[in-house]
Structures are given as structure tokens and as C-alpha cells.
Amino acid sequence: MNHQVLAQLLLHLDGRSYKAYQEIRGRYQFPDFELAVDHVQGDPFAAPSRLRVLLPQTVAAFPAQTYQTRSREIALRDYLTRQFGQAAARMHQTSLHQTSDGSYRGSGHSGLIAIAPTGQQVLERTAVFVTSEQVEARFVVGLPARGRQILGRAAATLLCDDLPQIVEQALKYISLDATDLQRHIEMVEDADWLRQQLPAKGLVAFIPNGAVLPRHSGISDQPLAIAFDGSAKPQPEILTELQTETSPIVAIPFQSPATLQIEFDRPNQGSIKGMGIPTGITLIVGGGYHGKSTLLRAIALGIYNHIPSDGREQVVSHPTATKIRAEDGRSVTGVDISPFISHLPQGRSTKHFSTENASGSTSQASNVMEALEAGATVLLIDEDTSATNFMIRDRRMQALIAKAQEPITPLIDKIRQLYQDCGISTVLVMGGSGDYFDVANTILAMTDYRPQAVTAQAKAIAAQYATARIPEGGTQFGTLTPRVPLALSLGSHGSPAKLKVRAVNELILGTEIVDLAAIEQLVEAGQVRAIGAAIAYLERHYLNGITPLSAILTHIESDIATAGIDILTPYPQGDLVRFRALDLAAVFNRLRSLSVKTPATFSNVKPTSTRR
Ligand code: ADP
Ligand code: MG
């Protein structure tokens, strides 16, 4: 149907009850694009209506080089999502200004046009798709009403005037800043390239000189900014705020110690130098407040690409790098934590450990074992969020409390075996105990936010002041026991209606509220929504009581790789964001309705190291 039909229909609906909006479902041809009205909300306060625009490349006219590689395609889609979001926000501002009461288009979500929100990371989202044929944008619209009465004229303006303007500004190559777009694409492609180089260079992470790692605040992921070498551009509002302070807070740009410096020649932007963190065991020490946790956090988020001007846009880490922390209170189901913990009081099993309320040490041990099961090859651990008794047990404590009375074998006695037996590298922040000098391969000291390579010095100190610790827990890492998940009792039965995501740290699945605050590498609510959908999907397709969790994760990864994230939901959604299998596993493992079995035939299987 023609777009004029839509305009007439909307005017015709003016004054009728909100339900009559259902009549506009369908497809409309505009001069430049096709508009698909896929789902119409039931009332003005319900979740807004879902629409799409389909813009042929003959009109959108993106040069093939802007999307021809996978990296570029994701970068372009991310860029267009941001452009659409900004254009829609500008439009909303203007329309609010047109009215005295500030509610131009009525009740509930009236007058809203919105696309998936974006942060500092460049992610694959289902908001925008680009092919050689067309550009597709998925967004939501709050169809206007006064009370529950249709405001037909406002709706016609919204869909037939405002929306085409947004499309014009955000989805056509000619309207965009070509230089800015090119920079976005090339930065992302270079970051992907850098990340791919890591294994061959024997590295787990790379942090370039000049990178700005600290963030504006504990609740903002914007750069702390003001790097005078121009490597990070502060947001205008942050700049003003900082300038009003007597002594402005200035981010110290990252600088590699000479011995760990490595240079890469990137495909687009050429040479870049910075610090390579080698495989093995890396210890980050240094005084309090000298930037240790900030460095580790940047490494943890180096699994993602970042927008230019973020400060971390060329910080990359191994795709399976996983932040591990203590998380007392979490639920654990059937995890073999015996490498770290054995003979608990009351004879509780640690080969098949379950609890509704884990302690600091048992939760941290479970987090390690589950990460290995899900394919992690690099562990990132910070003393700030660790259980002390999981990390260390010194000579004096060994003398006072016999090993027979201590269920925990601390990480210090397992960290080398993790690398030697299982190929797992660890980057560890530990400013409070020098015992780790003995087991680390690389030791960095953070001083005034700059790392110094102090391996030789620390090893000399370790020789001079021997701890006389007695290694505990044997010479092998221990068993990795796979688990087979059984049917969930979520009460959801794969129904997406029972899935709610309010924020990045909370998922409501059926009757269960899952606390995700400890899964630090989830960055967007859309990832959590997609993970919720993936759990419903795996429940429908793979929860057969035979397939081990690690294999289920591989299946889901390959399903998404072949058919896209859309495969997870019954109809196309615009609010899903790509997640790692590791983070899906992390959410899955926290379900309190989870039950598993451990087939004896599966014992001693090593973790796979290729999964992402
Ligand atoms: P640590 O873990 O060593 O105690 P943090 O990483 O928590 O230290 O950092 C302490 C404070 O210093 C934080 O407020 C952080 O934002 C800030 N900070 C970290 N790195 C830098 C830097 N390169 N330049 C300026 N401030 C920084
Ligand atoms: Mg810290």
C-alpha cells in the first residue's frame, strides 16, 4: 500500500478507541523506503509498537567497502543504530518544544520513536541490518493517544513526516559524515585484527600506548578523559564539569614498559605500540589507588570493540577472557569444585557441589570451574572481589591449621597447574600478598597509573625472603567434570512472554529472578534479553538430558553464526544484542531451577579452547 493510504487511515482513526490502531498493521511504500508495521501495542501504556523500515541500497547507497567484511558490517550497523537513535532523539526534542505542556503527542509512550540504546561498545545488534540489497532498521513507536483515544493527526505526522526525516538523516550514506563513518569502521576492523594476532604472538591482551582506561565515574562508562595527546575526546558535558573543579582530574594515558612493548602494523591505521600481556601467569601489583583494577577492567572489556574516542578502542583481549570473582549467596548446581575444595564439613560432596547459598570461596571456585567448562582460556581475577581464603594460605596459617582441617586448596597452589595441565592463563591483581611472586611468569607494578615490569626484581625478593610455604593440593590440577543439564522448571516452557529484562543485571525468566550483577562482562540489557531468549531456545532444542552443557553452548553458537540472533526468537526483534557463549553459560548456571547430572563416562574430559 502507498504511504498516503497510511496517512489517510490514521486521520480516519482519529478519536477512535486505541484498539482500532490494529488496522494499520501491514506494509506501506514510501518514496524512499518501505515501512513495515509488524506489531501494534494494545494501549498507550503497553510496550510500544514494533516497526521496521527497509531501504533499498539503490537509495541508501552505502559503498560495498563499508560492509563487505564481517568487522565492517558490524561496525556500520552499530554506527547506523547510533545515528538513528540520535536523529530520533533530536526529533523528539523538537516536537516537545512545540508544545506548552511538554506532552506533544499525548499519553503513555505517545510520540516516541526509539531504537536499541547503545553504550561505549560496538556490538552486533538486531536493530540495524545491512546487505548489498538493503538497509533494515527495527525500532519502536509509541502510537499517539489522548487517554485511550487515538490522536490520528499526531500519528500521521509521526509516521509520515518525522519518520521519513529520521530515515533521511540516519540511514542514507549521503547524509552521513563519511570521514567519521570511515574512522568508526576502520577502528573496529583494526581492533578485530589486533585481537586475532594475540594467540600467534603468545599474548592474552594488548593495551596500546596512549589508551585512556579510567572511566568518568563508577556509574558512567564514558572516559575520564582529557588526555592531552588527543587519544580520547571528552564528552562536552564532562569537560565543563571537570573544568569547574579547582584541580581537574586528568587521565594519565597508558604507557607500556619497554620490555613488554610490542608493535603491530594494522591493516587500516598502521603502526601501533603498546603492552602485550603474555600467556601464563601475570601478576599486577602496586599501591592502592594506582590503577590496578582499572587496568584489569579494561582487559576484561577488551573482549569487545569500542567506539573511537572511548580511550579503549584498541585495547583487545582474548575472546574467552573471563572475569572471575567471589559471589557469596549465588546458587550452584552440581559443579565439580574438587580441584579447589574437598572434604567439606558434614561430608558434603565437592565433586558434585550444589548449594542455594554459596560462600565466598565456594562461589569463586564454582565460577572458575564453570568458566573452564564453558571454554574460558584466560581468567581475570582481582583481589578487590576475591575471597581471601580462595587466594592465599600462608606459612603461618599452614602451621596453625593443618591441611586436614582446611577444605580449600588456594589458587596459589593451582594457578600453575591450570596453565600447565589445562592451558589456562591468568591475569591476577594482587597488591596485598607477595606469595604470588613465586608462581607468576610476569610481574607488573602499577605506579601512578603506569605499569613497570618488575619480574626480575620480584623474583630476587622471592629468593631472598622465601615464604617456606608448603605447596598443597597435589601436583595435578584435578578433574574437570562435564555436566548434563536436565529440564528446567522455570514455568516458562520457552515462552518469550515470560521473559523480562529491566537492566543489565537482572533477568526475569518465568517465575525466577536471576541476579546477574556478578557477571561483569555483560554490558548491554540487550545481551541479557538475548541470553534469556537463548535459554528458552536451548530449552526447546537441546535440553534433552543427554547433551553436556559445553556441547549445547557450541550448538547455540553455531546456530547463531549460521542463522543470526533472530533464530532465538519466534518473530524478529530489534532489541537483541550478541553475547558470548561464556556469558550465556554464566547466566544459565545461576538459575535456581537448574538441575544437572554427571555421567560417569564423561570424566577427565579436557576443556576445549577454541570456543568464543
Ligand atoms: P587500585 O585497584 O590500584 O586500587 P583503581 O584501578 O581502582 O586502583 O583506581 C583508583 C582510581 O584511580 C579510580 O578512581 C580510577 O578511576 C583512577 N584511575 C585509574 N587509572 C587512571 C589513570 N590512568 N589516570 C587517572 N586516573 C586513573
Ligand atoms: Mg583495586
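Each ligand, and each atom within it, is numbered from 1 in the order the structure gives. Values in this document were obtained by computation on a predicted structure and should not be read as measured data.
- Evaluated by nearest non-hydrogen atom to atom 2 (O) of ligand 1, the leading choice among Ala211, Pro253, Ser293 is Ser293.
- Heavy-atom proximity to Gly288, at under 4.0 Å, picks out these atoms of ligand 1: 4 (O).
- Considering Val504, Leu576, Leu507 as possible partners of Arg529, the one that fulfils the side chain to side chain contact (heavy atoms under 4.5 Å, CB included) test is Leu576.
- At distances below 3.5 Å, at least one donor-acceptor pair connects side-chain atoms of Glu373 with backbone N or O atoms of Arg483.
- Closest to atom 16 (O) of ligand 1 among all protein heavy atoms lies Pro214 CB, 3.7 Å.
- No N or O atom of Asp384 sits closer than 3.5 Å to an N or O atom of ligand 1.
- Close contacts of ligand 1 with Ala251, meaning ligand atoms under 4.0 Å from a residue heavy atom, involve 24 (N), 25 (C).
- In this structure, Asp583 pairs ionically with Arg580, as a charged nitrogen and a carboxylate oxygen lie closer than 4.0 Å.
- Residue side and main chain included, Asp384 places an N/O/S atom under 2.8 Å of the Mg ion (ligand 2).
- Note on Glu189 versus Arg266: no salt bridge recorded, every NZ/NE/NH1/NH2 to OD/OE distance being 4.0 Å or above.
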Inset, instruction - Check the pair Ile262 / Lys201 against side-chain contact (heavy atoms from CB on, under 4.5 Å), numbers first and verdict last. - result: CA-CA 9 Å; Ile262 177 168; Lys201 300 278 183 198; 3.8 Å; yes
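- Using a cut-off of 4.0 Å between Lys/Arg side-chain N and Asp/Glu carboxylate O, Arg70 and Glu124 are scored as salt-bridged.
- The existence of a salt bridge linking Asp221 and Arg312 is confirmed by a sub-4.0 Å separation between a basic side-chain nitrogen and an acidic carboxylate oxygen.
- Polar contact with ligand 1: present for Gly291 (N/O pair, distance under 3.5 Å).
- For ligand 1, the atoms closer than 4.0 angstrom to any heavy atom of Gly287 are 3 (O).
- Among the backbone and side-chain atoms of Thr294, no N/O/S atom is found under 2.8 Å from the Mg ion (ligand 2).
- Residue contacts with ligand 1: Leu224 is placed with no nitrogen or oxygen under 3.5 Å of a nitrogen or oxygen of the ligand (distance criterion only).
- Proximity annotation for atom 5 (P) of ligand 1: of Val250, Asp382, Thr294, Asp448, Thr294 comes nearest, heavy atoms only.
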